[in-house]
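Take a look at the structure below.
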Amino acid sequence: MARKNGDEGLDPVQEMAREGKRLGRSFGRLAALGVVLVLCGVVGLVYTGVATLTSMWLFGWLLLVGGLVGLLQAYASRGTGSFWLAAVVAAVNLAAGCVVLRHPEGTAEALTMFAALLFLTGGVFRLVGSVVTRGPQFGWTLLQGAFGVLLGVLVLFDWPDSSRYVIGCFFSLALLFDGLGLVAMGIGGRRIVGMVTPEPAPAGEAPPMIPPGNAQDQSNN
């Protein structure tokens, strides 16, 4: 109650300044989280093998957690038509999670092969589509297709050795770019909050008052 009464005694300028500080601290935490992600991404790019195994462990634990949540959902929906579907999906997630955690290197090899085939087929489709349609983005689509084919061929030619660094490199790049986005969002948010937040009046100084004549004119308008 004392805090509530104290908040009611604040003038609007002080209240806006207080909320601005809260928002500024929130954006500061967001920028700090972005810095942590950027550091993790840089470390992962340096140690791609460790990043690959780490990503496989995270993937396996996510599958296990998803399977457990699916089991709880299936138990909650027992007696309905979706029970068996939820139970089968949960069992598949649990089995896949156990396989990934027991064989992280083999899982990395399989995912690397899948990624290479995906890059290769996607690049071929882009190349063929750009040549056939010759749309306004012909050059850009042709460049994307050529890059996808080149990346897929390079990964396939070095497979299975490429599985030691490809997944970790992609995982680290995702952390790096996500972290940079959070840093930019946090810094930009703090700057915008600082621009729109009014400065509170110094202690002992009353806030500016509107003269009675001006207040009457504004009410008439």
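By the criterion of side-chain heavy atoms lying less than 4.5 angstrom apart, applied directly or through intervening Ile, Leu, Val, Met, Phe, Trp or Tyr residues, L175 is grouped together with L30 in one hydrophobic cluster. The cluster map of Ile, Leu, Val, Met, Phe, Trp and Tyr, joined by side-chain heavy atoms under 4.5 Å apart, puts L101 and L71 in the same cluster. Cluster annotation: L120 is connected to M113 through the hydrophobic network of ILVMFWY side chains, with a link wherever side-chain heavy atoms come within less than 4.5 Å. The hydrophobic clustering, which links ILVMFWY residues whose side-chain heavy atoms are closer than 4.5 Å, places I167 and L117 apart.
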Atom pairs and distances, donor-acceptor, side-chain atoms in residues 53-67, under 3.5 Å, two or more places apart:
| residue | atom | partner | partner atom | Å |
| --- | --- | --- | --- | --- |
| T54 | OG1 | V50 | O | 2.7 |
| S55 | OG | A51 | O | 3.2 |
| S55 | OG | T52 | O | 2.6 |

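Qualifying side-chain contact (heavy atoms from CB on, under 4.5 Å) partners for V124, counting only residues two or more places apart in sequence or in other chains: V128, V149. Remark: L150 engages L154 in a side-chain contact (heavy atoms from CB on, under 4.5 Å) (not counting sequence neighbours). By the side-chain contact (heavy atoms from CB on, under 4.5 Å) test, A115 is found to be paired with F119, residues two or more places apart in sequence or in another chain being considered. Looking at residues two or more places apart in sequence or on another chain, you find a side-chain contact (heavy atoms from CB on, under 4.5 Å) between L33 and L182.
In the hydrophobic clustering, where aliphatic and aromatic side chains (Ile, Leu, Val, Met, Phe, Trp, Tyr) are joined below 4.5 Å either directly or transitively, V88 groups with V92. Clustering of Ile, Leu, Val, Met, Phe, Trp and Tyr by side-chain heavy atoms under 4.5 Å joins V183 with V35, L39, I187. Hydrophobic cluster of L176: the remaining members, joined at side-chain heavy-atom separations below 4.5 Å, are V38, V42, L45, L173, F177, L180, listed by chain and number.
Here the shortest heavy-atom pairing between G70 and A90 reads C-CB, 3.6 Å.
In this structure, L85 CG and Q73 CD are separated by 9.0 Å, a value rounded to the nearest 0.5 Å.
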